[in-house]
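Inspection log for the structure reproduced underneath, given as structure tokens.
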Amino acid sequence: MNIVVCVKYVPDAQGDRGFESDRTTDREGVDGLLSELDEYAVEEALKIVEAGEGEVTVLTMGPDDAATAIKKSLQMGAHQGVHVLDEAIAGSDAVATSLVLAEAVRKCGEVDLVLTGLASTDGVMSVVPAMLAERLGLPQVTFASELTVDGGHVRIRRDNESFSETVEADLPAVVSVTDQINEPRYPSFKGIMAAKRKPVQTWSLADLGVDPSQVGLDAAWARVEETQARPPREAGEVVTDEGQGGEALADFLAGRRLA
Amino acid sequence: MSEVLVLVDHVDGDVRKTTAEMLTVARRLGEPSAVFVGQGYAAAKEALARYGAAKVYVADDAVYTDHLVAPVAELLADLVARTSPAAVLVASTNDAKEVAGRLAIKTGSGLITDAVDIESADGGLRVTKSVFAGSYTVAAQVGTGTPIITVKPNSIPAQESAATPAEETVTTEVSEAARAARVTSRTAKEKSGRPSLTEAAIVVSGGRGTGGDFGPVETFADALGAAVGASRAAVDAGWYPHSHQVGQTGVSVSPQLYVAAGISGAIQHRAGMQTSKTIVAVNKDAEAPIFELVDFGVVGDLFTILPQAADKVQQNKG
């Protein structure tokens, strides 16, 4: 079983996130890390190969620092890394991202399963897995809260507000997993040491046969025209309950015609 | 005037509020054409007409709902090729966002997710959305192809404008590839009798501070006619179902009133509620970050404050 896990290097949500002058996400001014939601995909890949056999390749695209995301995944236990690194990639939208990832997955050779998280914690669009499936012509089996892989077949539970669904497909397939699926492991000391010796390949767009004019900010099919920091909410009234706190709350709501 | 395709968000013909919101904004941008996929059109018909659908494409073949996402993307791609619409609008649900993603690739079109407003501008569409956990508002524009936009529920007030829609049943060739992921069971979730989280005008959420007892949260929610939400901590502890989780990895809500009870206000929770119009919190810890966001806050025990507030709300109604 060969599994490719697509991961993203994102600005830490605890930091002060913002934009560059070209209105792309600022990836320099804020510490970055492996998108938390991708840890669930790495964990699920490791569980699958540990229960059987196979290799986990972790794939990312992004600037030099994106190697951090690969390193963390290797420390968790992934076998090898691929970093698509090319200046032309900066500012790519979801459409271009899916193009680069699809070509990189193809270059990985025989792949049974492409795993992703449910969204990145910066863009939060949740569309790249579906786009990847579309581009690769593979079954899309997404938002898995439970995943079973056996005999060349994949089955998931997919929950939404109104339904819980079972979705099945034959491998190879593109599967995204939610944060309900498992509890990602922390890298062990042994894992951290072992990661230093694991192979990481760096591929350029030329290696993938992707024309640089198809990616990056200038090629984006949708672009941000304007960004504005939301004015901080004006500090409201905070009272300490001395027996009448509930009534004060109800009165506030009545005053605003909310109750 | 160009058509604007609106993918109807519904459950067995029960049209969700987001559909009315999308039809309302579609009327500003062109001539709204609803695309109804699945069973139950008879039940949906009246609502679509009431919110001004000039046309309805009905695709009720089981092939569209027996397989995940891909067949609906093919259907919309056919309709886009046929009608050259000014835009395609879908709801910001998991399913519809994924349809939009595939449609963008198929039609060579730009995609913008989670719009809170859309206006015509400079020969295109100006789309407003909120990013980075509500800390920024951005305006974006699609420069290539047909603008494909997912619309965040509860952002655009729905307005009625009666029409008599022309109806057309559509069937399209669905490729083998699009049938590859099969939906083999679909179980409706139990209905709580409360409004749905994304559509509710008021949401009352509980967190770690409930200690696992959501009784006071539900009582206060019912006094206000509100939906019940939960923080990730409460869901991870198994105190409330995941489908009620408000935050980055759960549901993103934007109600008129959001009440956070026993929720500290971590960034990942704020990402799902920061755009609420009025925010109220009850927390024992006066230092909890949630108090930085509130219009009104009470420092104290939610187990005494919420029942007292519920009683007072009932009295005021009486």
Side-chain angles (χ1 to χ4, degrees), chain A residues 13-14 17-19 37 94-95 98 118 121 124-127 130-131 134-135 137 139-143 159-170 178-180 221-230 233 236-241 245-254 256 258-259, chain B residues 11 68-70 93-95 97-98 101-102 104-105 109-113 132-145 177 180-189 196 224 242-243 248-249 256-257 267 278 280 291 293-300 305-306 308-309 312-313 316:
Chain A
Q14 306 295 339
R17 296 184 290 182
F19 293 93
L37 295 171
V95 170
S98 67
L118 76 94
T121 56
V124 220
M125 292 178 78
S126 284
V127 296
M131 287 177 163
E134 173 75 30
R135 289 192 184 275
Q140 174 202 323
V141 189
T142 43
F143 290 98
D159 293 322
N160 65 34
E161 221 184 324
S162 322
F163 298 110
S164 179
E165 293 170 327
T166 309
V167 183
E168 301 184 42
D170 294 332
T178 73
D179 60 340
Q180 298 297 297
W221 293 353
R223 341 179 24 143
V224 173
E225 305 279 332
E226 220 183 285
T227 67
Q228 201 174 21
R230 190 185 166 90
R233 292 187 83 102
E237 188 188 352
V238 178
V239 301
T240 300
D241 180 35
E247 295 195 357
L249 173 53
D251 290 343
F252 169 81
L253 298 180
R256 294 264 182 127
L258 288 164
Chain B
V11 179
L68 198 63
V69 174
T93 60
N94 291 347
D95 286 50
K97 272 187 174 181
E98 293 194 317
R102 300 187 74 123
I105 304 285
S109 299
L111 165 67
I112 299 172
T113 55
F132 295 152
S135 59
Y136 275 82
T137 303
V138 306
Q141 201 150 14
V142 167
T144 306
R182 304 174 297 279
V183 178
T184 52
S185 78
R186 183 175 282 137
T187 318
K189 295 227 164 114
S196 112
L224 296 171
H242 178 253
S243 53
Q248 184 170 45
T249 62
Q256 293 299 318
L257 169 64
I267 179 80
T278 300
V280 164
F291 285 124
L293 302 179
V294 297
D295 295 284
F296 189 79
V298 185
V299 179
I305 293 165
L306 292 185
Q308 189 184 67
K312 188 76 194 287
V313 166
N316 289 350

Heavy-atom proximity to chain B below 4.5 Å, by part of A:Ala248: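 A:Ala248 touches chain B through backbone and side-chain heavy atoms alike.
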Interface moiety of A:Glu168 toward chain B, non-hydrogen atoms closer than 4.5 Å: both
So which of [options] has the biggest tally of heavy-atom pairs under 4.5 Å with chain A?
options	answer
B:Ser109, B:Ala104, B:Ser196	B:Ser109
B:Val11, B:Thr93, B:Thr187	B:Thr187
B:Thr184, B:Val280, B:Ile267, B:Leu257	B:Thr184
B:Val142, B:Ile112, B:Leu306	B:Val142
B:Lys312, B:Arg186, B:Gln248, B:Arg102	B:Arg102
B:Ala309, B:Ala188, B:Ala139	B:Ala139

Below 4.5 Å, heavy atoms only, C-beta onward: do [X] and [Y] meet side chain to side chain?
X	Y	value
B:Lys189	A:Asp159	yes
B:Leu111	A:Met131	yes
B:Val138	A:Gln228	no
B:Thr278	A:Arg256	yes
A:Thr142	B:Glu98	yes
A:Leu258	B:Leu224	no
A:Thr166	B:Val183	no
B:Leu68	A:Glu165	yes

Between [options], which residue shows the highest count of heavy-atom pairs closer than 4.5 Å to chain B?
options	result
A:Thr227, A:Val127, A:Val239	A:Val239
A:Ala250, A:Ser164, A:Ala254	A:Ser164
A:Ala169, A:Ala94, A:Ala222	A:Ala222
A:Leu37, A:Val224, A:Thr240, A:Asp179	A:Asp179
A:Gly236, A:Ala229, A:Gly246	A:Gly246

Closest approach of B:His242 to A:Gln180 (non-hydrogen atoms, all atoms of both residues): CD2-NE2, 2.9 Å
Which atom of A:Val141 lies closest to which atom of B:Ala181, heavy atoms considered: CG2-CB, 4.4 Å
Interchain contact, B:Asn316 with chain A, by part (heavy-atom threshold 4.5 Å): side chain
Side chain / backbone / both / neither for B:Val313 at chain A, heavy atoms under 4.5 Å: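 B:Val313 touches chain A through backbone and side-chain heavy atoms alike.
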Criterion side-chain contact (heavy atoms from CB on, under 4.5 Å) against A:Val238, the qualifying member of B:Val299, B:Val298, B:Asp295: B:Val299
Spacing of OG belonging to A:Ser98 relative to CD1 belonging to B:Ile105, to within rounding of 0.5 Å: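 A:Ser98 OG to B:Ile105 CD1: 3.5 Å, rounded to 0.5 Å.
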Aromatic ring pairing B:Phe296/A:Phe252, orientation class (parallel under 30°, perpendicular over 60°, tilted between): parallel
Side chain to side chain contact (heavy atoms under 4.5 Å, CB included) assessment of B:Asp95 paired with A:Asn160: CA-CA 9 Å; B:Asp95 286 50; A:Asn160 65 34; 3.8 Å; yes
Donor-acceptor pair, side chain of A:Gln140 and main chain of B:Val69, under 3.5 angstrom: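 No; zero donor-acceptor contacts below 3.5 Å.
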